[in-house]
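Here is the structure we will look at, set down as structure tokens.
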Number of protein chains: 2
Amino acid sequence: MSQMQNVERQLREMILGLEIGPGERLTERWIESRFGASRTPVRAALLRLETEGLIGRDGRGWAVAPINLAELGQIAVYREAVEVAAVRLTAALEDRSGIDVIAAMLDSCDAETPREEWHRVGMDFHIELARLSGNEFLLRAVRDAMTRLSRARWLEVRDEAALGRAWAEHHAILDAVKGGDAEKAARLLSNHIAGSRDRLVTSLHDDRRGLRARGFAVVAA
Amino acid sequence: MSQMQNVERQLREMILGLEIGPGERLTERWIESRFGASRTPVRAALLRLETEGLIGRDGRGWAVAPINLAELGQIAVYREAVEVAAVRLTAALEDRSGIDVIAAMLDSCDAETPREEWHRVGMDFHIELARLSGNEFLLRAVRDAMTRLSRARWLEVRDEAALGRAWAEHHAILDAVKGGDAEKAARLLSNHIAGSRDRLVTSLHDDRRGLRARGFAVVAA
DNA sequence: GATACCATTTTGGTATACCAAACTGGTATC
DNA sequence: GATACCAGTTTGGTATACCAAAATGGTATC
């Protein structure tokens, strides 16, 4: 694998894993020495991560994107538009057997599953559901939205009950799609996204002092 | 303005203006000498244009994105999802005076207006309409879709009647939004996009031999 | 103590040298 | 004539040197 892809992947993991906090400044020279690559691949990685919304310009330099509560609300609206469109397409397909694979993915999580895995599966559910639509643009949009939501969802304070509720909602959506009931699937998905947004924004808003104490930049809604 | 932004802007204009044909190969050295910049800003521009979908990888090198009829259909579905979502948001706003500005923009076109201007206004209509929603992600999505459709729409064979019909449809959509009738606006916009897609794909499909004769790569649906 | 100012350092933007892999064109071989 | 092969060239990937602008930090001045 090329250095460019290597730097991009490792830097993305550090940002998503909060090893580099939201709002933290980045210098090309630091990344260069941190990953043992020269500035050329570093700059390529920065340009790519900028389009993913994980980093942004801070004056002349670079900074990890802050947690932006207003942005989370806008992303939820965007998600709803594209995910509902995707699920309607999928519900209209003759072959909806791909649903079973996603259901199996959900079922691979149980009480002993680490939180990190719940997190990953929770995002992959939406991405894989969008993939079934066969529309590359809807898929890309969902993947992009999930990437931007990833850190916020990780910071969200979620209890067992919330995880279980999301799991049940996911299964209910799959059942509706599998049954070809596009309207029901759309309604369930819509409510799921709205509820997810509310819990997420509320949790982060309530915990914003704690987050700032950890050195994370949090932009109010 | 920096060299990077300069190269990016000029190269984008050459691609959108079909001065470099769909499918044509690009080398970093050619761009370097063409615009009098070194490879560093050239590479930055290429990476950006790649995320816009205007260029892509062709093996190890670069190539201008071909006209892809299947992709045009997928973009139409994507557009419908995000544009309808945006228009529903806008129809629910208290202050919808921004509509008047867009209407004035439409009215600035008449029989003497050059085709290039009709083209630009036709895309800006959708972009500005999405902007009124206030949702950055919906706006970005529409702008991105329009960029990807730009070359295809330019190559489309459109008569006076088609331009007039699109103009009337645009006005009808604005009227519905202004009146706060989200359902009507959504329906009109949905039909407008579907009709636009059908005419576009049919036109390019019928003319695909002519396009290929001009050296343009056209990927069938 | 606050502030304006200057020297130094840091940083992103740019140009360029070098390399390995891929491509090209010609040639020898069958 | 087709094909396998090889030398030369081209190309993207990478490292690095240089620059101007910005940030930094210390100091003189009030």
Name all residues meeting the salt bridge (charged side-chain N to carboxylate O under 4.0 Å, His left out) criterion together with A:Glu128; count only those two or more places apart in sequence or in a different chain, and write none if there are none.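 Result, salt bridge (charged side-chain N to carboxylate O under 4.0 Å, His left out) vs A:Glu128: A:Arg131.
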
Polar atom pairs between nucleotides 7-11 of chain D and protein, under 3.5 Å, N or O only, would you list them?
unit_1: D:dT11; atom_1: O2; unit_2: B:Arg60; atom_2: NH1; d: 3.3
unit_1: D:dT11; atom_1: O2; unit_2: B:Arg60; atom_2: NH2; d: 2.7

Select base, sugar-phosphate, or nothing to describe what A:Arg25 touches, counting heavy atoms under 4.0 Å on all strands.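 Touches nothing.
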
Could I get the full list of side-chain hydrogen bond (donor to acceptor under 3.5 Å, both in side chains) partners for A:Thr40, not counting sequence neighbours?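 A:Thr40 satisfies side-chain hydrogen bond (donor to acceptor under 3.5 Å, both in side chains) with no residue once adjacent residues are dropped.
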
Identify, with sequence neighbours excluded, every residue that meets side-chain hydrogen bond (donor to acceptor under 3.5 Å, both in side chains) alongside A:Glu28.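 Testing A:Glu28 for side-chain hydrogen bond (donor to acceptor under 3.5 Å, both in side chains), a comparison that skips the adjacent residues, returns A:Arg39, A:Arg43, A:Trp62.
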
Which side chain to side chain donor-acceptor pair (under 3.5 Å) pairs, counting each pair once, include a residue from residues 194-203 of chain A, with sequence neighbours left out?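 Sorted result for residues 194-203 of chain A: empty, none.
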
Any side chain to side chain donor-acceptor pair (under 3.5 Å) pairs touching residues 49-58 of chain A, not counting sequence neighbours?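 As it turns out, the side chain to side chain donor-acceptor pair (under 3.5 Å) pairs with a partner in residues 49-58 of chain A, which skip direct neighbours, are A:Arg12-A:Glu52, A:Arg25-A:Asp58, A:Glu50-B:Arg48.
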
Taking distance alone, no hydrogens or angles, what donor-acceptor pairs closer than 3.5 Å link side-chain atoms of residues 73-85 of chain A to residues at least two apart or in another chain?
unit_1: A:Gln74; atom_1: OE1; unit_2: B:Glu136; atom_2: N; d: 2.9
unit_1: A:Gln74; atom_1: NE2; unit_2: B:Gly134; atom_2: O; d: 2.9
unit_1: A:Tyr78; atom_1: OH; unit_2: B:Tyr78; atom_2: OH; d: 3.0
unit_1: A:Arg79; atom_1: NE; unit_2: A:Glu83; atom_2: OE2; d: 2.7
unit_1: A:Arg79; atom_1: NH2; unit_2: A:Glu83; atom_2: OE2; d: 3.1
unit_1: A:Arg79; atom_1: NH2; unit_2: A:His126; atom_2: ND1; d: 3.3
unit_1: A:Arg79; atom_1: NH2; unit_2: A:His126; atom_2: NE2; d: 3.4
unit_1: A:Glu80; atom_1: OE2; unit_2: A:Ser190; atom_2: OG; d: 2.4
unit_1: A:Glu83; atom_1: OE1; unit_2: A:His126; atom_2: ND1; d: 2.7

Under 3.5 Å on both distances, the Watson-Crick or G-U partner of C:dC30: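 By the stated definition (distances under 3.5 Å), D:dG1 pairs with C:dC30.
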
Of the residues in residues 34-47 of chain A, which ones touch DNA chain D at a heavy-atom distance under 4.0 Å?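 Nucleic-acid contacts, sorted: A:Ala37, A:Ser38, A:Arg39, A:Thr40, A:Pro41.
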
Does this structure show an ion pair linking A:Glu117 with A:Arg120, if we count only N-O contacts that are shorter than 4.0 Å?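 Looking at A:Glu117 and A:Arg120, the cut-off is met.
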
Tell me every residue that passes ring pair (Phe, Tyr, Trp, His ring centres under 6.0 Å) with [X], counting only those two or more places apart in sequence or in another chain.
X: B:His205; value: none
X: B:Phe125; value: B:His170
X: A:Trp30; value: none

Can you pull the contact range of chain B along DNA chain C, 5' to 3', using atoms under 4.0 angstrom from its heavy atoms?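 Terminal contacting nucleotides, 5' to 3': C:dT14 to C:dA22.
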
